[in-house]
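Every chain is numbered from 1, with letters handed out A, B, ... down the list of sequences.
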Amino acid sequence: MDDQPRLMHSSHGVGMAGHPGLAQHMQDSTGGADGEGRKQDIGDILQQIMTITDQSLDEAQARKHALNCHRMKPALFNVLCEIKEKTVLSIRGAQEEEPPDAQLMRLDNMLLAEGVSGPEKGGGSAAAAAAAAAAGGGGSDNSTEHSDYRAKLSQIRQIYHTELEKYEQACNEFTTHVMNLLREQSRTRPISPKEIERMVNIIHRKFSTIQMQLKQSTCEAVMILRSRFLDARRKRRNFNKQATEFLNEYFYSHLSNPYPSEEAKEELAKKCSITVSQVSNWFGNKRIRYKKNIGKFQEEANMYAARTAVSATNVSTHGSQANSPSTPNSAGGYSSPCYQSDRRIQ
DNA sequence: GTTTATGATTCGAT
DNA sequence: ATCGAATCATAAAC
């Protein structure tokens, strides 16, 4: 049980480690019975502590300078840095070098694809180009919608770039400020260049999360704009009369098998100034609607059958078969193209 | 304003 | 991937 006093003593020693002088005083004075002298010592020490705050800035600066010029300073600094490196920072070091954020990459890719973050006006937006292609040559009317889209996109683009620049500038300013501060402090505190670099990284990461928010909201804005534009594209425009005639011509002259091949679709698309998928849509709609109500299309069918017959006759008089359909439904006849259930459309 | 026509989209089947 | 079918959404006709 004689361990107890020693333990207590040692614990006191630790507790006073920061003020060895004070501990010394207290220990010394426990031996003597002079309470007055002890009071006096404590008073002195308190006085000293209080006067520290009264030191002028110049005095502190001078002390700092003196400390800096001390011959042991570099060695001491290195040792402190090493200790610091080995303790706190090594723990944090393990979490660094995280892989590039997947979401950030996606946002970047999208912004690039939409022409928001890419080169200025150059090739224009890929989306706009695609949309223009999809809208087809059928309508010269959609040019206003298109320019509207482009105007809105460039507006978004402008806001994005100004904001991005602002953040970048703020980031740089802040980084410089912190670096200067740390460099200054590294004269009196163990701050290694590596640590400053680390701090800069942390700042950059913080700012990049802000930038990511900007990118996120920009992406949202583009998506909204795009969905609106897509909706606008959904606004149906009838094909022009000639295009419809070309399509009907093919349909009724291939009534037994109204399924144009890919090549035929391409040719029709070219002739009608529409896309291949529009041709496919048209045939899909036509087949189902014809099938649903053959009676309604009878007149139309007769008309195109007659026309085909006439053109076939014309062609035959010229001794050429170039324009002849591969599977003429009513070759040479005026008979109404009766639809039969054993044909492809059922 | 209602109805019809028509191009586009979606969904399940093949 | 392409088709039929149902459906949507809008243009055009009434």
Completion exercise
Picking from dG4(C), dA8(B), dA5(C), the nucleotide nearest the side-chain atoms of Gln278(A) would be dA8(B)
Exercise for the section: Would you tell me if any nitrogen or oxygen in the side chain of Lys296(A) comes within less than 4.0 Å of OP1 or OP2 on dA5(B)? Expected result: yes
Practice task
Give a yes or no on this: more than 12 heavy atoms of other residues, nucleotides or ligands lie within 6.0 Å of atom CD of Glu168(A).
Solution key: yes
Problem - Stepwise salt bridge (Lys or Arg N to Asp or Glu O under 4.0 Å) check, Glu197(A) with Lys194(A) - result: CA-CA 5 Å; Glu197(A) 194 186 316; Lys194(A) 205 172 166 187; over 6 Å; no
Exercise for the section: For Glu263(A) and dT2(C), give me the distance from atom CD to atom C1', rounded to whole Å. Expected result: 15 Å
Problem - Gap between atoms CZ and P, on Arg237(A) and dA9(C) respectively (whole Å) - result: 17 Å
Exercise for the section: Figure out the NZ/P separation between Lys286(A) and dG7(B), and round it to whole Å. Expected result: 9 Å
Practice task
Using a heavy-atom cut-off of under 4.0 Å over every strand shown, decide if Lys265(A) touches base, sugar-phosphate, or nothing.
Solution key: sugar-phosphate
Practice task
Can you establish whether the number of heavy atoms outside Glu266(A) located under 6.0 Å from its atom CD is more than 12?
Solution key: yes
Problem - Distance in angstrom units between Ile288(A) CD1 and dT7(C) P, rounded - result: 12 Å
Exercise for the section: Please evaluate the base of dA8(B) for a donor-acceptor partner in the side chain of Asn285(A) within a cut-off of under 3.5 Å? Expected result: yes
Exercise for the section: Answer with yes or no whether the hydrophobic clustering places Leu104(A) together with Leu164(A); edges join I, L, V, M, F, W, Y residues whose side-chain heavy atoms lie under 4.5 Å apart. Expected result: no
Exercise for the section: Provide, to the nearest angstrom, the distance between the NZ atom belonging to Lys291(A) and the C1' atom belonging to dG4(C). Expected result: 7 Å
Problem - Whole-Å distance separating the CD atom of Glu262(A) from the P atom of dA1(C) - result: 12 Å
Handout entry: Gap between atoms CG and C1', on Asn238(A) and dA12(C) respectively (whole Å)
Key = 7 Å
Exercise for the section: Could you check which of dC3(C), dA5(B), dA6(C) has an atom nearest any side-chain atom of Lys292(A)? Expected result: dA6(C)
Handout entry: Ser261(A) to Tyr250(A) - nearest heavy-atom pair and separation
Key = N-OH, 4.4 Å
Practice task
Nearest whole angstrom, please: distance from the C1' of dT9(B) to the CG of Asn281(A).
Solution key: 8 Å
Problem - Side-chain-base donor-acceptor pair under 3.5 Å for Arg289(A) and dG7(B) - result: yes
